[in-house]
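Data block below; observations after.
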2 protein chains.
Amino acid sequence: MRASLESLQDMCLKAGHTLTLQRRAVLEVLAEARDHPDIETIYARATRIMPGIGKATVYRCVNRLVELGGLQQHNFHDGESPRYEVVPVEHHDHLVNMQTGEIIEFCEPAIERLQVEVAQRYGFRLVDHRLVLYVTPLQNAPDTQ
Amino acid sequence: MRASLESLQDMCLKAGHTLTLQRRAVLEVLAEARDHPDIETIYARATRIMPGIGKATVYRCVNRLVELGGLQQHNFHDGESPRYEVVPVEHHDHLVNMQTGEIIEFCEPAIERLQVEVAQRYGFRLVDHRLVLYVTPLQNAPDTQ
DNA sequence: ATAATTGCAAATTGTTTGCCCAGGG
DNA sequence: CCCTGGGCAAACAATTTGCAATTAT
């Protein structure tokens, strides 16, 4: 479950932003994405809804959403451009299938609890975290680089 | 515990690389760093050991080390340049003090075990993972390291 | 109306590459 | 000596910004 298109629009309006056609297009793309797209992909999809939209506009819109806290930036792959995901209502972490690039969401409460514990052990309060598991399918017996 | 300067030098020699003065400087910087420096920092430190070293040389050397598997790249902060760390002998994860930027290493075997379990639950084999905890001091900042 | 926003192109930033010379094994 | 590798500057790629024209409220 992720934030709806309406809640993203609300967020923009509350921040005093105008709901232009291009902004609507980007928000729609983001709200419907199930695959953690990068800017290039978001741009391509937004172009289908709003032909002629500029890439700079997409960058600006995405960055604003991130600042507003409605969008999360991920760095799943070193050296590649960041991926984006509308902040989910219920938290989850990610599993990256290195064979296909597919990204799977999961949540393991036991891990979440342990993270809080570790932070406390060092005298801190856990504010946020990133956990990404890089995996390969079990049936294949791929390399062990 | 991390790989020693000597083991890094060995790694380069075995790969057929020359141990030039500038390479020695970068390796020394990396072997001695305790703070996950970025390229700019590595460059600055290497300059003190080997004045006149070019930034391109630092990039080349660092990238080669990463390819050889002797150096790890981290993306602790979205939008900032990557940080580097000599591959540690024993695995650990990281805790980022958001107040100071300090990076603390930790290892929680229970979390490690659960990660393998989660991967299997989805039909995968865990190849690698990234876990970063973003934290703030509870009250008074205790010492670590 | 009027303040925000767009598209474009130019500017930045971070990183890589081509080239020709220098130094390590 | 040969070949890797260094410095420099130009090339690149990704992202940001300035600006005049445009659009939402």
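Per chain, numbering begins at 1; letters A, B, ... match sequence-line order. For the numbers below, each heavy atom of this structure counts, side chains included, while hydrogens, waters and symmetry mates do not.
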Is a side-chain donor-acceptor pair under 3.5 Å present for B:Tyr84 with B:Gln72?
no
Whether the B:Asp38 and B:Thr41 side chains hold a donor-acceptor pair (N or O, under 3.5 Å, no angle test) is what I'd like checked. yes
Of D:dG6, D:dG7, D:dT4, the nucleotide closest to the side chain of B:Ile53 is D:dG7
*asked:* Can you tell me whether the side chain of B:Arg60 and the base of D:dG7 have a donor-acceptor pair closer than 3.5 Å?
replied: yes
Of A:Arg23 and B:Thr18, the one whose closest nucleotide on DNA chain C sits nearer the 5' end is A:Arg23
message = Do the side chains of B:Glu32 and B:Arg45 get close enough for a salt bridge, i.e. N-O under 4.0 angstrom?
response = no
The helix from C:dA1-D:dT25 to C:dG25-D:dC1: angle between terminal helix axes, five bp per end, to the nearest 10 degrees, reads 40°
**Prompt:** Taking only side-chain nitrogens and oxygens of B:Gln22, does any of them come within less than 4.0 Å of OP1 or OP2 of D:dG7?
**Reply:** yes
Does OP1 or OP2 of C:dT15 have a side-chain N or O of B:Asn63 closer than 4.0 Å? no
Ranking C:dT17, D:dT4, D:dG7 by distance to the side chain of B:Ala56, first place goes to C:dT17
Among the nucleotides D:dT17, D:dG7, C:dG25, whichever has the atom closest to the side chain of B:Thr57 is D:dG7
From NZ of A:Lys55 across to P of C:dA10 the rounded distance in Å is 16 Å
Of the candidates C:dT5, C:dG14, D:dT15, the side chain of B:Tyr59 sits closest to C:dG14
B:Tyr43 atom OH is separated from D:dG7 atom P, nearest whole Å, by 9 Å
When every non-hydrogen atom of A:Leu68 is compared with those of A:Ala15, the smallest separation belongs to CD2-CB, 3.7 Å
Atom CG of B:Leu27 and atom P of D:dG5 are separated, to the nearest Å, by 12 Å
Rounded to whole Å, CG of B:Asp10 lies from C1' of C:dG25 at a distance of 15 Å
Checklist line | Check: A:His129 and A:Glu112 side chains under 4.5 Å, non-hydrogen atoms | finding: yes
When B:Val58 and A:Ser81 are each assigned the nearest nucleotide of DNA chain D, the 5'-most assignment goes to B:Val58
For this session: Please confirm whether the backbone N or O of B:Arg130 pairs with a side-chain atom of A:Arg130, one donor and one acceptor, at under 3.5 Å?
Result: no
Open item on the list: Tell me whether the rings of A:His94 and A:His92 are parallel (<30°), tilted (30 to 60°) or perpendicular (>60°).
Closed with: perpendicular
Closest of C:dT5, C:dG7, C:dT16 to the A:Arg64 side chain is C:dT5
Among the nucleotides D:dT15, D:dT25, D:dT16, whichever has the atom closest to the side chain of A:Pro82 is D:dT15
